[in-house]
Amino acid sequence: MAQKIAVIDYGMGNLRSVSKAVEHVAGDAEVRVTDDPTFIAAADRVVFPGQGAARDCMAAISEHHLNRAILRAAESKPFLGICMGLQVLMGYSYENNGTELLGLFDGRVKRFDGLAMGDSGLPLKIPHMGWSPVHQVTTHPLWQGIDDRSRFYFVHSYRVVPEDISLIAATTDYGVRFTAAIARDNLFATQFHPEKSADVGLQLLSNFVNWAI
Amino acid sequence: MGLAKRIIPCLDVDAGRVVKGVKFVDIRDAGDPVEVARRYNDEGADEITFLDITATADDRETIVHVVEEVASEVFIPLTVGGGIRKAEDVLRMLNAGADKVAINSAAVFNPSFVKEVTDRFGSQCIVVAIDAKRVGDHWEIFTHGGRKPTGIDAVEWARKMADFGAGEILLTSMDRDGTKIGFDNNLTRAVAAAVPIPVIASGGVGELQHLVDGVKLGGADAVLAASIFHFAEHSIGEAKRFMADQGIEVRL
């Protein structure tokens with residue numbers, strides 16, 4: 001039977017790119033953009049995207065009554081967080097004068113300080129927007145077929161700082177060395193956007209769709 | 001290795017068709033935005049920008065379908081500009097699969113519009129496009145394709161748009177647009193130094209060295225060009241290798 005993949009929709013931004021990219025690599029799987037906790041609970045895999053501000057994301061998750069569905073999926077089946085879908089797994093964000101997050105992992109979400117200088121003699125721009133090399137610091141099935149330090153597409157002003165550094169699956173340098181991806185058991189989450197990262201991004205999504213835990 | 005400078009081909013789309021002729025020998029339909037976008041993606045474009053120049057309201061809906069189709073097949077960031085006047089226009093483009101929406105005249109006529117849409121959709125997806133022309137010792141914003149002066153200082157304006165939440169500035173020199181003599185690097189530098197957000201240089205590229213100059217002299221975070229890529233004078237890959245040879249970090 002074809003597998004079911006839920007792309008969690010809590011009203012924060014356009015999920016078309018994510019769902020199309022997953023469909024592109026998922027063969028005959030049923031890929032559904034959904035806020036239905038029943039479908040999420042029944043799905044074989046879950047993709048948790050997100051964009052926008054931390055407070056809005058948390059409010060939207062609550063409004064859609066998805067807190068438990070997200071946390072359960074994150075603890076029980078192949079789960080891929082993307083961008084805000086990584087950040088809200090932490091405990092606390094400094095965004096919007098401080099926002100409590102889902103708290104699956106101890107850690108904070110901090111803004112780039114804007115003090116580091118770039119190579120053009122101007123301060124590094126915020127958001128960090130564009131293609132940066134991702135340094136794989138663990139071996140992981142989701143890195144299969146992807147060269148270390150391949151460039152992925154980022155767009156973000158905040159970065160996660162997990163307390164348990166053994167969570168870190170990749171780092172990227174942008175004025176500061178930050179966490180580009182985390183991995184724990186059945187969960188993988190990226191600060192970058194695999195759905196916008198051309199071939200290497202599709203490779204990562206394909207690895208996720210085929211990830212056997 | 002750090003963040004790569006981005007190379008962005010720009011396509012003018014009129015009623016769903018690419019205009020200003022894109023000439024690739026091996027492309028079946030050079031007017032088809034999907035085919036052209038796929039081609040640029042294969043060549044290694046870091047993003048693609050569509051500028052909708054459709055004049056009539058009836059035909060404007062077609063850009064939505066173009067974006068939908070491209071977003072289903074091309075997995076790099078897509079920006080759409082042209083005729084964006086209301087929050088609903090932004091929403092339609094984002095829902096169709098655009099990652100960013102460029103706002104130009106509507107921002108000039110109603111600056112709080114930028115605030116409204118960055119609050120609602122997030123800074124990351126709002127690009128403010130600025131058409132600037134040299135007037136005396138500074139640059140001014142022009143609207144209507146560079147015909148109407150506004151008296152607004154371009155550098156001040158860029159700063160204000162960044163304050164209003166814009167995620168990026170797409171900066172076009174109307175003095176250089178179409179001239180093929182290179183970007184106005186002084187303009188780019190002035191704006192890039194004034195705002196904390198990324199700046200895309202546009203207008204005037206005629207040869208690969210101009211792309212290098214836009215980054216090295218202008219301090220641009222990304223460079224946008226149309227005809228130099230459309231007429232297959234140079235592929236994106238060639239442009240990137242040329243820039244890399246001159247010490248600029250690009251995604252190869």
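Protein chains get the first letters and strands the later ones, always in sequence-line order, with residue 1 at the start of each. Just so you know, these numbers come straight off a predicted model, no measurement behind them.
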Give, for atom [atom1] of [X] and atom [atom2] of [Y], the distance between the pair rounded to the nearest 0.5 Å.
X      : Y      : atom1 : atom2 : result
A:R151 : B:L252 : CZ    : CG    : 8.0 Å
A:D199 : B:N41  : CG    : CG    : 7.0 Å
A:L122 : B:R189 : CG    : CZ    : 4.5 Å
B:D46  : A:M129 : CG    : CE    : 13.0 Å
A:K20  : B:E73  : NZ    : CD    : 10.0 Å

Requested in this report: Against chain B, label A:H135 side chain, backbone, both or neither, depending on which of its atoms sit under 4.5 Å from a heavy atom there.
Outcome: neither
For chain B, which candidate among [options] shows the most heavy-atom pairs at distances under 4.5 Å?
options                       : value
A:A53, A:P123, A:G114, A:P127 : A:P127
A:F154, A:W131, A:Y174        : A:W131
A:S17, A:G52, A:A21           : A:A21

Between [options], the one whose heavy-atom pairs under 4.5 Å with chain A are most numerous:
options                       : value
B:A71, B:G122, B:P196         : B:P196
B:Q124, B:K216, B:E249, B:E47 : B:Q124
B:V195, B:I197, B:D119, B:L94 : B:I197
B:P77, B:G219, B:G97, B:A4    : B:P77

**Report entry** Minimum-distance pair of heavy atoms, taken over all atoms of B:F121 and A:Q51
**Finding:**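 It is O-OE1, 4.5 Å.
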**Report entry** Taking every non-hydrogen atom, the tightest pair across A:G130 and B:R6
**Finding:** CA-CD, 4.1 Å
Any chance [atom1] of [X] has more than 12 other-residue heavy atoms, nucleotides or ligands included, within less than 6.0 Å?
X      : atom1 : answer
A:R177 : CZ    : no
A:I165 : CD1   : no
A:K77  : NZ    : yes

Report task. Measure from the side-chain N and O atoms of A:K125 to the backbone N and O of B:A192, and report whether any donor-acceptor pair falls under 3.5 Å. Result ->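 Judged by distance alone, yes, a pair lies under 3.5 Å.
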Query raised in the report: With a 4.5 Å heavy-atom cut-off, do B:D99 and A:K196 have their side chains touching?
Result: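 Side chain of B:D99 against side chain of A:K196, heavy atoms only: contact under 4.5 Å found.
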**Report entry** Within-4.5 Å side-chain heavy-atom neighbours: A:R16 and B:S72
**Finding:** yes
[X], part contacting chain A, at a heavy-atom distance under 4.5 Å:
X      : answer
B:A220 : neither
B:A162 : neither
B:E68  : both
B:R251 : both

